> 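The structure that follows is given in the form of structure tokens.
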Amino acid sequence: MKWLSKRFTLVIIPDANQSVMQYRISRLILILVPVVILLLGILALLFFLLFSRNALITSKLQNQLTSSAAQYQLQLNVKEENINLLQTDLVQLSEQAQAMEQKMAQINELELQLKQLAGIETYSSTAAASKLITEEGGQGGEELPLPVAGSASFAKETSQHYSDITHQMDELIPQLEETKKEVMKVQQMLRITPTIWPTDSRKVTSLFGVRKDPFTRRATYHAGLDIGGAVGDPIYAAADGTVTRSERDRIHGNNVMIDHGRGISTRYMHMNARNVEVGDKVVKGQIIGQLGNTGRSTGPHLHYEVFVNGENVDPEPYIKGDREEP
Ligand SMILES: [Zn+2]
């Protein structure tokens with residue numbers, strides 16, 4: 001300690017004319033000053049190093065942040081673009097759903113027409129028909145961009161449309177099957193019901209009912225319809241059926257009888273020739289013989305009779321239709 005308390009004298013001689021300055025400094029100060037200066041220098045260096053490192057990290061982070069922000073923006077742009085595309089797809093899907101709904105309504109309408117054509121009793125399908133939207137008359141108005149939140153409910157609505165269509169189709173298929181069955185039934189009924197002229201000629205020479213007998217001139221009951229024509233003209237089966245009679249006798253001449261089922265039969269008389277035999281299956285419009293003048297007849301004609309449950313009925317209501325080519 002004694003060594004430390006020893007003092008030095010610092011002598012400064014500025015100029016020859018000026019007085020000499022003397023400073024007495026203790027040895028402790030002499031050692032402390034450079035040590036403190038050195039410590040301060042180390043501290044400053046440490047600060048500098050720390051600061052420059054932080055600055056580097058900060059700038060690095062800033063760079064990362066900038067590039068991340070750019071990336072996010074890019075992703076955001078891509079997502080926005082995707083959302084736009086999805087919204088466009090959604091609009092297309094919705095339009096397709098609407099088009100499908102319209103087509104469904106058209107199918108329903110066609111089915112209704114089909115039923116009407118076939119004479120099947122129809123139930124209301126006007127609900128389906130009323131869904132028909134026409135683009136005639138123009139469209140317009142302000143077009144606004146679709147908000148993202150709005151597109152969610154729009155998507156839900158479109159999905160609902162599709163499930164509605166699926167539901168309608170599920171209903172329509174058995175409905176059409178039923179209509180098909182009914183149409184087939186009507187067709188079958190038409191085939192076995194006498195509806196056509198049995199001749200090409202439309203010249204009715206004598207009606208059904210009470211008339212003057214052409215031979216005796218007395219009032220008699222005429223059980224059929226007489227249609228005039230030329231010998232050899234074709235005679236057609238009035239409906240599908242089975243031949244129950246094919247013979248010749250003095251009164252009826254060459255005559256054929258066909259059983260059409262459901263209690264309905266037709267009979268053709270005074271024919272020139274017969275093409276069918278008992279037991280033959282005939283179809284509507286098939287030629288079963290030739291028009292003639294055989295039996296009790298005053299000239300070439302077909303005497304045509306219709307029976308319902310064994311009773312003669314007026315054939316006139318049964319010959320409304322034109323013959324289709326068999
Ligand atoms: Zn007659």
Side-chain angles (χ1 to χ4, degrees), residues 119 188-326:
Q188 176 59 18
M189 285 289 275
L190 265 176
R191 274 201 302 271
I192 61 166
T193 306
T195 56
I196 59 168
W197 282 84
T199 52
D200 288 331
S201 164
R202 301 284 187 267
K203 200 173 85 186
V204 174
T205 52
S206 188
L207 291 168
F208 174 87
V210 178
R211 69 163 185 183
K212 246 191 261 174
D213 185 281
F215 290 94
T216 65
R217 313 304 295 166
R218 282 201 305 236
T220 49
Y221 174 70
H222 188 223
L225 196 72
D226 289 343
I227 307 162
V231 172
D233 279 355
I235 305 288
Y236 305 105
D240 286 12
T242 309
V243 176
T244 51
R245 195 193 288 237
S246 178
E247 59 194 17
R248 180 169 184 152
D249 63 54
R250 207 168 45 81
I251 307 286
H252 309 106
N254 276 312
N255 68 94
V256 166
M257 193 160 176
I258 302 168
D259 180 7
H260 305 290
R262 293 187 307 126
I264 299 173
S265 305
T266 50
R267 197 172 176 191
Y268 313 78
M269 297 179 195
H270 312 301
M271 294 201 288
N272 191 47
R274 290 171 279 124
N275 290 3
V276 289
E277 293 302 326
V278 171
D280 283 358
K281 302 274 179 207
V282 292
V283 295
K284 195 172 200 164
Q286 183 181 329
I287 296 171
I288 53 165
Q290 292 173 4
L291 191 137
N293 190 28
T294 58
R296 195 167 179 266
S297 171
T298 58
H301 78 285
L302 173 73
H303 175 94
Y304 177 55
E305 288 183 12
V306 177
F307 296 87
V308 175
N309 298 323
E311 296 285 323
N312 275 110
V313 296
D314 187 355
E316 231 188 328
Y318 291 87
I319 53 169
K320 294 299 176 198
D322 276 329
R323 185 180 63 86
E324 291 163 40
E325 290 301 322

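If you read the sequence from its start, that first residue is 1, and numbering goes on from there. The structure presented is a predicted model; accordingly, all values stated were derived computationally and were not measured. Both ligands and their constituent atoms are indexed starting at 1 by order of listing.
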> Any N/O/S of His270 under 2.8 Å from the Zn ion (ligand 1)?
no
> Which class fits the ring pair His303 and His222: parallel under 30°, tilted 30 to 60°, perpendicular over 60°?
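Perpendicular.
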> Could you check which N/O/S atom of Asp226 is closest to the Zn ion (ligand 1)?
OD1
> With Arg218, which residues qualify under side-chain contact (heavy atoms from CB on, under 4.5 Å), at least two apart?
Thr216
> With respect to the Zn ion (ligand 1), what is the nearest N, O or S atom of His303?
ND1
> With sequence neighbours left out, write down each residue that passes ring pair (Phe, Tyr, Trp, His ring centres under 6.0 Å) with Phe208, or none if nothing qualifies.
Tyr221
> Taking Arg211 first and then Asp226, would you say they form a salt bridge - that is, a charged N and a carboxylate O separated by under 4.0 Å?
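Between Asp226 and Arg211 there is a salt bridge, with a charged N closer than 4.0 Å to a carboxylate O.
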